[in-house]
Amino acid sequence: MVVPLGLTLIEAVAPATSANLGAGFDVFGVALNALFDKVTVEKINDEAIKIEVYGEGSREIPVEPEKNTAGIVAMEMLKRARERCGLMIRVYKGIRPGSGLGSSAASAAATAVAINDLLGLNLTPIQLIETAAMGEVASAGSPHADNVSAAILGDFTLIVSREPLEVLKLKLPPNAEFAIVIPEIKVDTRLARSVLPKQVSLSSMVYNIGRAAAFIAGIALNSIEVMGKGMMDAIIEPARAHLIPGLSHVKEAALKAGAAGVAISGAGPSVIALVDSEKVNANEVALVMRDAFKEVGVKSKPLCAKPGCGAQVIGRER
Ligand code: HSE
């Protein structure tokens, strides 16, 4: 069947996200309002998926649909389409791949939201998350949904159950702000997942449950201090620490500068600190973290962010 040439182009954006936040491995995620990926999609007559990638780290990103995050999402969504068509997808990267800030999740989420609109699929937010999570396979090797949940829904999200997928969205206290440093080193998510223990001791499990519970209790109590106490992790972070030179030094510096809690962002190498914006200047904490990385010979970029919105369509050209 030939597609009528409606020259429709949909433009969508999705935010950077930080997953885990300490003890919430593969469960917690927060959308960050400081960095975005943008995606445009349009129908093409040729029943193929064509991908172009521009911006941060684009040269390292494969454009073959089956190896590309946006491509995998597009293949899944075309299976649901009533019409048969191809897609031209252009990805504009604002988030560096391999930085631990949900770069692939943002591309996946923006692509899912854009194609949903273009093809009139009317997918529910949960279906969009499921589809976007499949795109994560391209970078992480597994369809983990913590980054894509926050990238689609915005704010803070927690995965209650993976099968069937159930996600809760919570608003963080208004004074929650994040100080982030992005070191100029790359941590491959597959590698960062491969170093994780297959089994954990009962005592570390108890430790992590306490911390994850504290993080959520802190949200309920509007207490950044209690949330910060929850950003400790006895299982995942110790296994990954060797991948980030100077991690303990940077964490210590952030806490000394007044951060309520600090953790590896996602699979790293970025480090994220939670700050009470009524008491502490997040920018100063980010600079202190940058200086701490510098002291161990690692260049890094400081950044501040507040919890942000999820993926959305920002333009339609018909
Ligand atoms: N929860 C995932 C991990 C996030 O830590 O591997 C990857 O961005």
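We count ligands from 1, going down the list as the structure has it; atoms in each ligand are counted the same way. Quick caveat: nothing in here was measured; it's all calculated off a predicted structure.
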**Message:** Between Glu295 and Arg290 (salt bridge meaning N to carboxylate O under 4.0 Å), is one present in this structure?
**Reply:** no
**Complete:** Going by chain and number, the hydrophobic cluster around Leu221 (ILVMFWY, side chain to side chain under 4.5 Å) further includes none
**Item:** Stepwise salt bridge (charged side-chain N to carboxylate O under 4.0 Å, His left out) check, Arg240 with Glu237
**Value:** CA-CA 5 Å; Arg240 286 176 167 170; Glu237 206 164 282; over 6 Å; no
**Item:** Contacts of type side-chain contact (heavy atoms from CB on, under 4.5 Å), residue Ala23, not counting sequence neighbours
**Value:** Asn208, Arg211, Ala212
**Message:** Quick test of your reading of the model: are Glu11 and Lys38 salt-bridged, counting only N-O distances below 4.0 Å?
**Reply:** yes
**Complete:** Sorted by chain and residue number, the side-chain hydrogen bond (donor to acceptor under 3.5 Å, both in side chains) partners of Gln312 (sequence neighbours excluded) come out as none
**Request:** Non-hydrogen atoms closer than 4.0 Å to ligand 1: which protein residues do they belong to? List them by chain and number, please.
**Result:** Ala19, Asn20, Phe25, Asp26, His144, Asp146, Asn147, Arg193, Arg240, Gly266, Ala267
